[in-house]
Amino acid sequence: MQHAEAAEAEAEAERKRIEDECRQLADRQQGHLEQIRNSLVQRERHVAKEQAAAAVAAMVDEQAVFEKDLALAAERYAEEAAEIRQRQRHRRESAVLPREATLA
C-alpha cells in the first residue's frame with residue numbers, strides 16, 4: 001500500500017510539474033504572440049505613415065502643377081487682354097482718322 005501511495009504521490013507530483021511546465025510554455029508563447037502583435041501594430045503604423053506621406057507628397061505635387069497651370073493661365077489672360085486692348089485702341093484710332101480726313 002505504501003508503494004501504491006508513493007507511486008500515486010509521484011504521479012501527482014509529475015502531473016503538477018507537467019502542468020507548471022505547460023503554464024510556463026503557454027506564458028512564453030503568449031509573450032511571444034504579444035511581441036508579434038506589437039510588431040505588426042508598429043509595422044501597420046509605419047506603413048500608414050508612409051502612405052500618408054506619399055499622399056501628402058502627391059497632393060503637394062498636384063498643388064504645384066495646379067499653381068503652375070494657374071500662373072500660365074493668368075499669363076495667357078494678361079497677354080490676350082493686352083492684345084484685345086491693343087486691337088480696340090487700333091480700331092478707335094482707325095475710326096478717328098477717317099473722320100479727321102473728312103473734316104479736313
Side-chain angles (χ1 to χ4, degrees):
M1 205 46 123
Q2 259 182 344
H3 183 64
E5 289 175 2
E8 190 176 316
E10 189 178 316
E12 181 65 20
E14 180 68 12
R15 184 185 63 77
K16 286 183 179 182
R17 186 186 62 75
I18 290 172
E19 285 178 354
D20 286 343
E21 286 179 6
C22 287
R23 266 193 289 279
Q24 289 173 3
L25 180 60
D27 289 345
R28 283 195 305 265
Q29 287 292 68
Q30 183 63 33
H32 184 66
L33 291 174
E34 286 177 15
Q35 287 176 346
I36 291 171
R37 185 186 67 76
N38 289 339
S39 293
L40 288 173
V41 167
Q42 288 175 356
R43 177 68 183 147
E44 288 173 355
R45 286 180 183 155
H46 180 72
V47 168
K49 286 178 183 177
E50 286 178 342
Q51 290 173 339
V56 167
M59 287 190 294
V60 167
D61 290 346
E62 288 176 14
Q63 181 69 25
V65 168
F66 174 76
E67 289 174 357
K68 183 179 177 183
D69 289 346
L70 186 61
L72 291 172
E75 188 178 318
R76 282 192 307 270
Y77 174 79
E79 290 171 357
E80 290 173 5
E83 289 176 12
I84 290 170
R85 283 192 300 274
Q86 186 179 10
R87 280 189 234 128
Q88 288 173 342
R89 189 174 24 238
H90 180 69
R91 284 187 199 141
R92 281 192 298 262
E93 289 171 358
S94 297
V96 170
L97 285 176
R99 279 192 226 149
E100 288 178 359
T102 340
L103 292 176

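Annotation: salt bridge (charged side-chain N to carboxylate O under 4.0 Å, His left out) contacts of Arg23 (sequence neighbours excluded): Asp20.
The CD atom of Glu44 sits 10.0 Å away from atom CZ of Arg37, with the distance rounded to the nearest 0.5 Å. The line from CZ of Arg89 to CZ of Arg85 is 8.0 Å long, rounded to the nearest 0.5 Å. Taking CG of Asp27 as the reference point, atom CD of Gln30 lies at 8.0 Å (rounded to 0.5 Å). Taking CD from Gln35 and CG from Leu33, the interatomic distance works out to 9.5 Å, rounded to the nearest 0.5 Å. Taking CD of Gln88 as the reference point, atom CD of Glu93 lies at 12.0 Å (rounded to 0.5 Å). The distance from atom CD of Gln29 to atom CD1 of Ile36, rounded to the nearest 0.5 Å, is 8.5 Å.
We find that Glu80 and Arg76 are not joined by a salt bridge, their nearest charged nitrogen and carboxylate oxygen being 4.0 Å or further apart.
Side-chain contacts under 4.5 Å among hydrophobic residues (ILVMFWY), followed directly or transitively, place Ile18 with no other residue at all. When hydrophobic residues (I, L, V, M, F, W, Y) are linked wherever their side-chain heavy atoms come within less than 4.5 Å, the members clustered with Met59 are Val56, Val60. Grouped by direct or indirect side-chain proximity (heavy atoms under 4.5 Å, Ile/Leu/Val/Met/Phe/Trp/Tyr only), Phe66 sits with Leu70.
Around CZ of Arg17, the count of heavy atoms belonging to other residues, nucleotides or ligands within 6.0 Å exceeds 12.
Sorted by first and then second residue, the pairs that involve residues 63-74 and meet side chain to side chain donor-acceptor pair (under 3.5 Å), not counting sequence neighbours, are Gln63-Glu67. For residues 47-60, the set of pairs meeting the side chain to side chain donor-acceptor pair (under 3.5 Å) definition, not counting sequence neighbours, comprises His46-Glu50.
Put simply, the side chain of Gln86 does not reach to within 4.5 Å of the side chain of His90, judged on heavy atoms.
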